[in-house]
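Report on the following structure.
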2 protein chains.
Amino acid sequence: MEHQLYLQSRAWQEGLALMMENLAGRCLPENEVVDVRQALHRITGTIIRAKRNSPHFAASAMDGYALRAKETHGLCEREPRWFELGVQAIRVDTGDPMPEGMDAVVMLEEVLELGERGILLQTPIVPWHNVRPVGEDIVEGEVVLSVNHRIRPQDQGALLAAGVLKIEVRRRPRVGILPTGDEIRPPEANLEPGDIADSNSTVLASLVEEWGGTAAIWPITPDRFDQLDEAILQMAASQDIIVIIAGSSQGRDDYTTQMLAKHGRLYLHGVAIKPGKPVALGEIQGKPALGIPGYPVSAFLTAHLFLEPWVKLLQGLSQEAPDTLKAVISKKVFSSLGSEEFVRVKAGKVGDRWVAAPISRGAGVTMSLVRADGILRVPRLQEGFHEGETVPIELWRPVSELEETLVCIGSHDLTLDVISSHMKARGGSGGIASAHVGSLAGILALRSREAHFAGIHLLDPQTGEYNHAYLQRFLPGRDIALMNLVYRTQVLIVAKGNPLKIRSLKDLARPGIRFINRQGGSGTRVLLDYLLQQEGLDPEQISGYEREEFTHLGVAVAVASGAADVGLGIQSAAEALGLDFLRIGEERYDLAIPREYLEEPRLQVMISVIQSRAFQEEVLALGGYDVRETGVFYT
Amino acid sequence: MEHQLYLQSRAWQEGLALMMENLAGRCLPENEVVDVRQALHRITGTIIRAKRNSPHFAASAMDGYALRAKETHGLCEREPRWFELGVQAIRVDTGDPMPEGMDAVVMLEEVLELGERGILLQTPIVPWHNVRPVGEDIVEGEVVLSVNHRIRPQDQGALLAAGVLKIEVRRRPRVGILPTGDEIRPPEANLEPGDIADSNSTVLASLVEEWGGTAAIWPITPDRFDQLDEAILQMAASQDIIVIIAGSSQGRDDYTTQMLAKHGRLYLHGVAIKPGKPVALGEIQGKPALGIPGYPVSAFLTAHLFLEPWVKLLQGLSQEAPDTLKAVISKKVFSSLGSEEFVRVKAGKVGDRWVAAPISRGAGVTMSLVRADGILRVPRLQEGFHEGETVPIELWRPVSELEETLVCIGSHDLTLDVISSHMKARGGSGGIASAHVGSLAGILALRSREAHFAGIHLLDPQTGEYNHAYLQRFLPGRDIALMNLVYRTQVLIVAKGNPLKIRSLKDLARPGIRFINRQGGSGTRVLLDYLLQQEGLDPEQISGYEREEFTHLGVAVAVASGAADVGLGIQSAAEALGLDFLRIGEERYDLAIPREYLEEPRLQVMISVIQSRAFQEEVLALGGYDVRETGVFYT
């Protein structure tokens with residue numbers, strides 16, 4: 001194991017560089033010849049030169065008459081001359097070859113008079129006027145495309161014009177993908193507890209395709225040395241790059257490192273990045289071999305770091321730097337000690353500055369990859385980033401799309417997704433990017449100009465009124481429009497059949513009842529505290545009062561999974577999960593929109609969606625909503 | 001023809017909008033169902049909701065021991081407790097389902113002591129500690145993807161995790177492409193004078209594919225009404241969008257407009273854009289039908305303006321705004337009166353500002369599309385842009401790639417392409433973007449900081465020395481490094497076999513000899529004037545002295561095509577076209593590089609290429625070059 005580089009102190013970049021240095025020269029695929037018409041997005045394997053001139057004949061550039069320029073010498077207004085048709089002047093259209101001996105074209109509208117037998121001219125023409133010379137576009141032997149160039153539609157056009165029909169391109173690198181693990185099942189299997197559906201193979205195969213390679217997914221292989229051994233040798237025989245996806249259990253990736261050590265070489269095992277630690281870099285029979293961790297987020301991120309460079313290199317390409325953007329980070333990001341961390345963020349443009357909001361950090365949360373607009377790298381051995389700090393975001397979506405996205409920070413409501421979907425259905429690329437942090441944090445986000453609007457449902461215990469008082473208290477002097485989105489029914493969410501026979505709020509204090517709460521600052525928490533006070537209940541009496549979830553669905557999931565017996569939330573969340581519920585009351589959920597953003601076209605689209613009948617009907621169908629004031633502005 | 005909208009006064013956007021208003025509601029394709037694993041880059045046709053929770057079982061998030069949290073209540077350092085293995089504590093690995101009745105996991109490293117029968121703990125554990133609850137990632141019924149969303153690899157992963165195997169996506173729009181014209185030949189045909197190889201069909205088909213559609217190319221159809229009629233009706237029967245590529249000759253596009261009027265409706269004919277005027281917008285049997293002009297540059301640009309919106313619309317997508325960049329324009333751009341013009345530009349970053357250089361404006365120059373980095377729109381009824389003005393460039397290449405590109409403005413030499421190719425072969429995405437404007441204009445570009453370096457070969461008639469004197473005169477006080485690229489042989493380029501028996505410079509003054517010159521400010525022009533003076537020849541005596549080409553290849557092409565009998569240029573240009581030549585002398589071709597750019601990594605790569613043996617050998621093989629001082633710095 002002398003070759004193995006442990007990464008306690010080295011950065012992953014060095015491990016990859018060492019692997020490339022050793023392997024890159026030995027594993028490049030040969031070129032292949034393809035028809036230019038099938039060459040879109042392939043990479044040129046050589047310089048490509050023109051095989052003929054374009055145009056390949058001198059052509060008229062206009063509709064008119066071809067003639068000999070020297071015969072027009074000395075013409076002027078007082079000395080016009082007749083040119084005999086078919087002899088001294090020949091009618092040509094744009095693109096026609098120049099008749100033998102003729103060297104200029106006079107445009108139809110420049111001809112003084114037109115007869116059956118000839119034309120009258122009164123101005124001299126210089127040679128090659130209105131004539132496209134041979135090779136004006138492309139000269140035989142000229143370089144049309146350089147090597148290592150990704151072929152675009154216009155490149156195909158130039159090649160065909162230059163008489164080039166077949167070209168040498170890089171063969172697409174073949175990437176073999178081996179899903180391993182006793183618990184891994186095909187996506188179509190019925191899953192038992194403990195089983196994991198294999199989604200990683202598909203994700204990696206699609207990434208490989210986007211990077212220009214072709215992927216072959218091997219059958220799922222259990223954690224048995226002999227079977228893994230056989231699969232890996234099969235892959236080495238036919239593929240250019242070998243990827244082994246290991247499960248996430250303790251010691252699982254040891255199989256991969258043993259394989260690498262046995263059949264080739266192990267360059268690196270374990271890298272100081274998060275998510276993604278248990279990566280293995282090695283070779284098998286002279287081919288790059290990668291062990292990729294099984295957690296979906298880790299697999300996705302480490303594939304970008306370690307697989308993409310190989311797929312690119314084998315095509316003669318370097319990895320492109322991602323587009324980046326400077327954005328203000330909306331909340332503090334702690335560094336994870338000793339690891340470089342890749343934090344997924346949502347991004348949007350509020351006013352004239354970009355805002356990035358970090359989202360879930362779990363390595364198993366695949367939805368964080370779906371929701372993310374980009375990545376913030378937090379370097380190891382650095383403190384992290386403060387709220388309000390300007391940080392570089394590597395983008396996963398085009399800037400133009402992000403510019404059309406509305407940023408909503410505040411309380412969670414299921415109808416926000418419905419609005420977003422309706423907005424996209426109207427044809428724009430932008431919808432709503434929402435961060436669920438609770439009503440009060442939403443108002444604070446408006447204060448620091450990090451959101452276009454906030455969803456809020458904050459009851460003022462003094463007046464029994466919603467929202468107005470909080471806006472006045474926390475955003476004094478700001479002109480905020482307040483529009484109703486929905487009235488919604490707040491319920492106690494309980495398990496199907498209500499086995500613990502919970503009948504009212506008072507039951508929360510019963511011994512043995514496990515409550516699940518919402519976070520402080522959320523409208524639901526404010527409502528709960530208000531109701532408890534009215535009922536004369538003490539939070540101390542409620543088991544689980546200190547357990548906090550951040551969304552209605554989070555509360556419903558806790559109940560559905562048996563992690564809690566009861567929680568307070570909106571009816572639609574209970575219905576989404578097929579749970580039972582007890583009506584507690586109705587609350588007003590509004591959108592608070594600083595008036596300065598109100599005229600923005602995409603906000604206008606949103607308002608028009610909210611006020612549409614189609615949207616309101618879809619909301620009613622969710623259950624637990626009332627739309628009697630939906631789309632109405634209070635201020 | 002009451003429906004027809006003539007465009008004398010209307011912008012093309014209005015014509016397209018009118019067409020969309022009338023047609024969009026009637027021609028949307030139905031959705032189709034695909035396997036998620038084959039759905040990369042497809043567009044969702046509905047909202048897609050999760051079919052199961054992910055995880056679908058409560059799972060251990062760590063390697064450790066599962067236990068009942070309540071049994072750890074009250075533990076402390078002085079009151080540790082034994083948990084019996086298999087009864088009170090069960091060994092679990094990351095991802096294992098939680099054993100029945102257990103609700104927390106203690107990590108291996110937190111266990112105080114480990115025996116065969118039990119473990120010793122001394123700290124209390126809260127419920128659900130180190131447990132991934134059911135639905136932590138995705139909750140059944142939750143929206144995973146919105147409608148009209150282009151599916152990425154991570155989206156496939158989330159769908160599979162959510163138990164979604166089949167989804168409704170937009171059917172790819174089918175685009176029928178009909179190449180027409182008596183002169184159009186398949187690319188593989190042997191071309192006679194007047195014939196045009198059909199490259200447009202391939203270019204349009206590839207664009208359609210990039211936009212998410214599928215293209216079917218119809219056989220080339222001659223200009224006969226009955227045959228066109230038959231082809232168009234065939235297309236209307238099976239395709240969603242009909243594209244007719246007309247030739248460029250007068251009246252050709254009338255066939256298309258007649259077809260539209262006969263079988264459907266013509267919305268617009270002729271648009272005020274350049275290149276691209278003869279566009280026709282219409283419908284055939286309720287399907288969008290477009291007449292696209294035959295000149296390759298016009299076809300490419302009008303396809304972006306009129307075809308892309310339809311291919312996108314039929315997938316529920318809007319056309320994305322292209323990435324734009326503010327750049328300083330390096331030379332004046334005149335407006336073309338009454339038309340919106342699309343000027344192709346090269347772009348690069350010099351120092352801290354972006355520079356854009358306009359390239360050829362001809363509608364037939366396909367290489368302008370290959371070379372361009374983007375487009376500058378010159379609005380109609382506007383003056384154009386002044387040199388040095390800041391203008392918006394719509395980019396065709398990623399910014400990251402352009403940032404790695406070196407901008408060379410100055411004299412043309414064939415070896416610049418060779419350098420660029422070697423640079424790309426070394427793995428970087430950037431090469432050299434060169435604008436050929438002559439040596440003196442190159443020096444002026446350095447003065448206005450529009451180029452990283454200039455290629456120059458300017459003889460000082462006083463001293464017989466090259467380049468130094470010009471740098472001192474035009475760039476006083478700037479610290480410019482001067483490096484030799486090559487010595488090159490200047491020759492008189494004559495037709496194969498030298499039929500006019502040209503033997504020396506003196507023959508240029510012979511009656512009947514037609515010369516082709518280079519533009520003023522080019523090194524070759526300076527050399528010619530110097531040589532003429534030495535020989536005592538008067539430019540007035542030379543027929544064609546006033547005819548100017550801008551490159552060596554341009555001169556060679558003029559001779560090869562018979563447009564001229566003789567020109568002065570470099571030997572390699574004559575050899576590239578198989579022409580004969582007479583050696584006149586040798587000249588020094590240098591690169592002038594402001595020292596402030598010299599440390600930039602990509603310039604270092606270029607210098608390393610120039611100094612490499614592989615590059616110099618390739619240069620020698622071109623003929624007419626000497627590399628005895630190649631890569632040597634004079635200052």
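In what follows, every chain begins at residue 1, and chains take the letters A, B, ... in the order their sequences are listed.
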Contact leader toward chain B among [options], where contacts are heavy-atom pairs under 4.5 Å:
options                               : answer
A:Gln154, A:Arg152, A:Lys312, A:Met62 : A:Gln154
A:Pro97, A:Ala197, A:Pro398, A:Ala205 : A:Pro97
A:Asn53, A:Leu145, A:Ile138           : A:Ile138

If you count heavy-atom pairs within less than 4.5 Å of chain A, which of [options] leads?
options                                : result
B:Gly194, B:Ser146, B:Ala158, B:Ser54  : B:Gly194
B:Thr324, B:Ile217, B:Leu165           : B:Leu165
B:Asp103, B:Val134, B:Val36, B:Leu191  : B:Leu191
B:Ser206, B:Ser199, B:Gly135           : B:Ser206
B:Val399, B:Asn200, B:Val144, B:Asp323 : B:Val144
B:Glu140, B:Arg52, B:Glu192            : B:Arg52

Exercise. Quick one: do B:Leu369 and B:Arg344 satisfy side chain to side chain contact (heavy atoms under 4.5 Å, CB included)? Show the steps, please.
Key: CA-CA 7 Å; B:Leu369 298 174; B:Arg344 279 83 72 206; 4.3 Å; yes
Side chain from CB out, backbone as N, CA, C, O: work out which of these in [X] comes under 4.5 Å of a heavy atom of chain A, or both, or neither.
X        : answer
B:Pro296 : neither
B:Ala372 : backbone
B:Ala563 : both

From [X] atom [atom1] to [Y] atom [atom2], the distance as rounded to the nearest 0.5 Å:
X        : Y        : atom1 : atom2 : answer
A:Leu317 : A:His149 : CG    : NE2   : 11.0 Å
B:Arg150 : A:Glu401 : CZ    : CD    : 10.0 Å
A:Asp155 : B:Thr202 : CG    : OG1   : 12.5 Å
A:Glu142 : B:Thr551 : CD    : OG1   : 8.0 Å

Self-check item: NZ/NE/NH1/NH2 to OD/OE distance under 4.0 Å, B:Glu188 and A:Arg37
Solution: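 Looking at A:Arg37 together with B:Glu188, the answer is yes, because their closest N to O distance falls below 4.0 Å.
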Practice problem: Would you tell me whether B:Asp137 and A:Thr366 have side-chain atoms, one donor and one acceptor, within less than 3.5 Å of each other? | Solution: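 The criterion, which ignores hydrogens and geometry beyond distance, is satisfied for A:Thr366 and B:Asp137.
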Quiz item: Which bit of A:Leu414 comes within less than 4.5 Å of chain B, counting heavy atoms only: side chain, backbone, both or neither?
Solution: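 Neither part.
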Quiz item: Checking A:Val147 against chain B: side chain, backbone, both or neither under 4.5 Å from a heavy atom?
Solution: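 Both parts, backbone and side chain.
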Quiz item: Tell me, which pairs form a salt bridge (Lys or Arg N to Asp or Glu O under 4.0 Å) where one or both residues lie in residues 193-209 of chain A, sequence neighbours left out?
Solution: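 Only A:Arg185-A:Asp195 qualify under salt bridge (Lys or Arg N to Asp or Glu O under 4.0 Å).
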Quiz item: Do the ring planes of A:Trp396 and A:His304 sit parallel (below 30°), tilted (30 to 60°) or perpendicular (above 60°)?
Solution: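 A:Trp396 vs A:His304 ring planes: parallel.
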